[in-house]
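What follows is a short report on a single structure.
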Amino acid sequence: MTETLDIPLLIEALKKALGYHGEATIPLHTPSFEGNEWRYVKECIDTSWVSSVGSYVDRFEKQLAEYVGVERAIAVVNGTAALHISLLLAGVQSGDEVLIPSLSFVATANAVAYCNATPHFVDSSMETLGIDVERLSLYLKEITKLTGNECINKHTGNRIRAIVPMHTFGHPVDLEPLIELCDEYHLIMVEDAAESLGSYYKGKHTGSFGLLSAMSFNGNKIITTGGGGAILTNSNELADRAKHLTTTAKTPHRWSYYHDEIGYNYRMPNINAALGCAQLESLPKLIDNKRKLAQRYSNELKDIAGIKFLEEPMFAKSNYWLNAVMLERNFAQYRNDVLEITNTNGIMTRPAWNLLHTLPMFRNSPRMEITESQNIADRLINLPSSASLVVSSI
Ligand SMILES: *Cc1c(COP(=O)(O)O)cnc(C)c1O
């Protein structure tokens with residue numbers, strides 16, 4: 001049975017939610033610089049501390065760790081680098097497999113590949129857009145055997161070392177059952193919290209559950225450092241290792257260049273951290289605005305047949321980083337029309353990512369049956385989500 005989606009009505013509702021009167025196109029996401037950004041960055045330039053020396057990196061790391069509620073944060077060049085080092089420190093080795101959702105940004109899979117490990121793709125749930133723990137549990141029961149403290153994929157003979165839940169568009173994954181699963185199968189959890197700064201699972205900040213977690217401060221994320229990322233952990237030992245590995249493994253010395261292992265030049269420059277310090281100061285306000293915008297979408301879209309605004313899961317408080325609507329099952333054929341018409345009407349919208357297991361470099365990677373992720377990708381549309389949309393349209 002096909003039903004008709006009232007696209008003109010949808011456009012009107014979106015315009016109303018956005019307070020849009022046909023000016024320039026509304027972008028999907030823009031950063032907001034309304035605090036001390038200019039002042040802190042200028043100070044870096046005035047003092048010439050723009051790069052690998054300066055106090056903003058330490059300050060950013062402390063501010064971030066405090067906000068999230070973890071012992072330590074290590075600032076790095078981008079979220080992908082944060083994932084790479086987190087996986088290395090989780091003990092992911094050449095030949096291992098790492099469970100990741102197929103519905104994610106390519107960085108999640110690339111970081112696994114950088115460790116010479118193989119991404120093993122899992123399906124996501126329609127409710128949370130994150131890993132479907134229930135179905136994963138059945139799948140692991142079928143395809144793995146436990147040898148000592150190791151989880152072995154019976155089909156490939158490889159060890160499955162870790163799992164990387166990703167909090168899609170800021171909405172937290174159901175972490176409690178996932179943590180139980182990790183215990184049962186001796187999997188180390190590394191959170192891809194790139195999109196979920198400011199999101200909480202049962203009152204506790206996302207990115208504080210994994211042994212290590214990765215955040216991103218790319219230009220399109222809830223706060224930005226231009227480009228940047230961070231590794232979060234409650235282990236001081238892992239944090240020290242992360243700092244060492246991301247700063248070329250140089251041993252501290254006044255003048256000698258001595259490096260005691262192969263390290264990475266992943267350090268966040270001071271000028272980027274300066275921007276980050278100012279952005280963190282504004283974060284509560286940004287989240288507030290984003291949640292207000294989500295509320296507006298929710299109100300305006302609630303009576304449109306065939307489309308559902310994506311709300312935060314019951315157990316979560318989401319940062320609503322990127323708002324989304326889901327077309328109902330029998331309205332899926334309208335996805336491209338909606339994308340086409342919104343974009344020509346000045347409202348920038350985008351589909352979800354192409355599923356990672358369909359990309360050429362990951363096509364032969366192991367995976368469970370992936371059906372819901374495809375279903376989500378076929379029906380989901382992201383909406384303009386800048387925090388500034390709330391302020392400017394009042
Ligand atoms: C943004 C993002 C990353 C990291 O991106 P960088 O651009 O390297 O900072 C990783 N995973 C997900 C899901 C992301 O959205």
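Numbering of ligands and ligand atoms starts at 1, following listing order.
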Do other residues, nucleotides or ligands put more than 12 heavy atoms under 6.0 Å from the CD atom of Glu328?
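Check passes, neighbour count above 12.
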Measure from the ring center of His120 to the ring center of Phe362 and say whether it is less than 6.0 Å.
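Not under 6.0 Å, so no.
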Under the ring pair (Phe, Tyr, Trp, His ring centres under 6.0 Å) rule, collect the residues that match up with Tyr264, sequence neighbours excluded.
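Tyr264 satisfies ring pair (Phe, Tyr, Trp, His ring centres under 6.0 Å) with His84, Tyr266 once adjacent residues are dropped.
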Kindly write out the residues that satisfy salt bridge (Lys or Arg N to Asp or Glu O under 4.0 Å) with Asp174, not counting sequence neighbours, or none if the list is empty.
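Asp174: no salt bridge (Lys or Arg N to Asp or Glu O under 4.0 Å) contacts found.
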Measure up the Trp353 and Phe169 rings against each other and bin them: parallel (under 30°), tilted (30 to 60°), perpendicular (over 60°).
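The arrangement is parallel - the two ring planes meet at less than 30°.
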Dump the pairs for me: ligand 1 N or O, protein N or O, distance under 3.5 Å, to 0.1 Å.
unit_1   : atom_1 : unit_2 : atom_2 : d
ligand 1 : 8 (O)  : Gly79  : N      : 3.3
ligand 1 : 8 (O)  : Thr80  : N      : 2.9
ligand 1 : 8 (O)  : Thr80  : OG1    : 2.5
ligand 1 : 9 (O)  : Gly79  : N      : 2.7
ligand 1 : 9 (O)  : Ser216 : OG     : 2.6
ligand 1 : 11 (N) : Asp192 : OD1    : 3.3
ligand 1 : 11 (N) : Asp192 : OD2    : 2.8
ligand 1 : 15 (O) : Glu195 : OE2    : 2.5
ligand 1 : 15 (O) : Lys221 : NZ     : 3.2

Partners of Glu23 by side-chain contact (heavy atoms from CB on, under 4.5 Å), sequence neighbours excluded?
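Only Tyr20, His21 meet the side-chain contact (heavy atoms from CB on, under 4.5 Å) criterion with Glu23.
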